[in-house]
Amino acid sequence: MNLARRRQLNSFDYSSGPVVYWMSRDQRFADNWALIYAQELALKNKVPLVIGFTLAPGFLGATQRQYAFMLKGLSDVASASSQKNIPFFLLLGNPSEAIVKFIKKYKVGALVCDFDPLRVKVAWKKAVARSIDIPFYEVDAHNIVPCWIASPKQEFGAYTLRPKINRLVDQFLEDFPLVRKHPFSFDVKPTLIDVDQILRTLDIDKSVAELSWIKPGEMEAHKALRDFAQERLSDYNVKRNDPCLKGQSDLSPYLHFGQLSAQRVALAVARAKANENSKQAFLEELIIRRELADNFCFYNLYYDSTKGAPAWVQKTLLEHRKDKREYCYSLKELEAAKTHDDLWNAAQSEMVAIGKMHGFMRMYWAKKILEWTPVADKAFAAAVYLNDKYELDGRDPNGYAGIAWSIAGVHDRAWGERAVFGKIRYMSYQGCKNKFDVDKYIEKVRKMKG
DNA sequence: ATCGGCTCGCGCAA
DNA sequence: TGCGCGAAGCCGAT
């Protein structure tokens, strides 16, 4: 592995004991640089290799919908890894305490984790680093160019990150080695993962239903990737922004849970025989915009509130904070999709029904929440709450960056001054009407089932 | 149907 | 210091 993908979070040297990969964001067996690196370490030292996944009893408002998708995917990872003599342990409780307890109990010699810019994950790792005296490595298994290598600071827009990524992408966009059957055995057997039993014991919101239109797991993710690359990639450029059509990849739930590697997707798309403009447009979204979202969350402490907005936005929001809102809705009314705007209601209903709102509608949806909420801060919080509760890919940097773009002008520029929005880019019902068949989309959502 | 203005600030050229 | 240009737009003039 290119060692630039990993960095050490402390300064201890290895002495003895098995290697543990603390899996968190990248929940897959194949195409996972963190696991590949952990095996390299274990082979070099001739010791066993173990995967540990710490399951928090509740995580940033995640519901039955997301937990079920995740746990089913994890049980696939567990079977794949145990076949390669790499036992998979699901550790319950406070994540940093659970992993430290495991390390002490089994005299673990080195810890490898994957990369995640979210505050809570950074805090877990800090707590672990304080409590152990073995080498602790972090591998960016989610991005193609590791987040901290791509840029040392928060970028201002796609246009400033793009040349940095493009300069480095050839060094990192390489094929994945296979994880081999591990030759050194760990002598403790993990208990099998009983998804239904775990779901029953978790204290989570069970009112948000599981979904059946999308199947969790690595195998399903690869199927979905093949299907997209063969059937829809060629038309991506012309169809992606029409929410009436199935023009998007629908891969984001798999990418969010790490059941699919973005690098695997990039390799497949780059090699696919398809319209070149479509390939370019898709790779721009997959690589530049995805990694821009990680960059935003990694370097901006306030990625999920208006405090993270650039100065010109803070100023313009302040100037317009007392503007009269023509419509005002409570979070309850928004959640129930009871506004005067049938297009907005459809977008909200789509998210509630199938756990995924069309990409173009996500912008319109968030901007209208800003328009109809008394305070911009509250608008941001409402968008985050709804997104994280219903979207299968909630709690993702892409979600935070998307809301920040819509509501807080992040990665965007100033536009013509108007009420409530100030200089933040506005989007209108009429604009949508000019772009696609609004009534057709509303009708499509009406028939949707999760 | 098409076009320019709206408006900010980075990054680079000079 | 000046200049070009940027994640998805809007609106009014032509």
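All values below come from the heavy atoms of this structure, side chains included, with hydrogens, waters and symmetry mates left out. Numbers restart at 1 for each chain; the letters A, B, ... are given by sequence-line order, proteins then strands.
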Does the Lys NZ or Arg CZ of Lys125(A) fall within the cation-pi geometry relative to Trp22(A) - under 6.0 Å from the ring centre and within 45° of the axis? no
Do His320(A) and Phe421(A) have their ring centres less than 6.0 Å from each other? no
Shortest non-hydrogen separation from Ala141(A) to Asp26(A) and the atoms involved: O-OD1, 3.4 Å
Report yes if the distance between the aromatic ring centroids of Phe282(A) and Phe228(A) is under 6.0 Å, otherwise no. yes
Taking any atom closer than 4.0 angstrom to a non-hydrogen atom of chain A, what span of DNA chain B does the protein reach, first nucleotide to last? dC6(B) to dG11(B)
May I ask you to say what Lys435(A) touches in the nucleic acid, namely base, sugar-phosphate or nothing, with a heavy-atom cut-off under 4.0 Å? sugar-phosphate
Looking across every strand, which nucleic acid part, if any, lies under 4.0 Å from Phe156(A) by heavy atom: base, sugar-phosphate, or nothing? sugar-phosphate
If you look at every strand shown and take non-hydrogen atoms under 4.0 Å, does Arg162(A) touch a base, only sugar-phosphate, or nothing? sugar-phosphate
Would you say the ring centers of Trp33(A) and Phe176(A) fall short of 6.0 Å from each other? yes
Looking across every strand, which nucleic acid part, if any, lies under 4.0 Å from Met363(A) by heavy atom: base, sugar-phosphate, or nothing? base
With both pairing distances under 3.5 angstrom for Watson-Crick or G-U wobble, and | for a partner in another strand, the correct string for DNA chain C is ||||||..||||||
Counting only heavy atoms not in Lys239(A) (residues, nucleotides, ligands), do more than 12 fall under 6.0 Å from its NZ? no
Taking all heavy atoms of Phe136(A) and all of Cys113(A), pick out the closest pair and write down the distance. CE1-SG, 3.6 Å
Residues at least two apart in sequence or cross-chain that pass side-chain contact (heavy atoms from CB on, under 4.5 Å) with Asp140(A), listed by chain then number, are Phe115(A), His142(A), Asn143(A), Pro146(A), Cys147(A), Trp148(A)
Hey, does Trp312(A) reach any base, or is it just sugar-phosphate, or nothing, if we go heavy atoms under 4.0 Å? sugar-phosphate
Which atom pairs, donor and acceptor, lie under 3.5 Å between side-chain atoms of residues 304-311 of chain A and protein residues at least two apart or in another chain?
unit_1, atom_1, unit_2, atom_2, d
Asp304(A), OD1, Arg119(A), NH1, 3.3
Asp304(A), OD1, Arg119(A), NH2, 3.1
Asp304(A), OD2, Arg119(A), NH2, 2.8
Ser305(A), OG, Lys307(A), N, 3.2
Thr306(A), OG1, Asp377(A), OD1, 2.1

Using a 3.5 Å cut-off and no angle test, enumerate the donor-acceptor pairs between side-chain atoms of residues 166-174 of chain A and protein atoms at least two apart in sequence or in another chain.
unit_1, atom_1, unit_2, atom_2, d
Asn166(A), ND2, Arg162(A), O, 3.4
Glu174(A), OE2, Arg5(A), NH2, 3.1

Contact boundaries on DNA chain C for chain A, cut-off under 4.0 Å to non-hydrogen atoms: dG6(C) to dC11(C)
Roughly how far apart, to the nearest Å, are dA1(B) and dA8(C) at atom P? 23 Å
Mind checking Lys153(A) for me? I need base, sugar-phosphate or nothing, with any heavy atom below 4.0 Å counting as a touch. sugar-phosphate
Can you tell me, in whole Å, how much space there is between the P of dC12(B) and that of dA7(C)? 15 Å
Can you tell me how far P in dG9(C) sits from the matching atom in dG9(B), rounded to whole Å? 22 Å
How far, in whole Å, is dC5(C) from dG4(B) if one measures between their C1' atoms? 16 Å
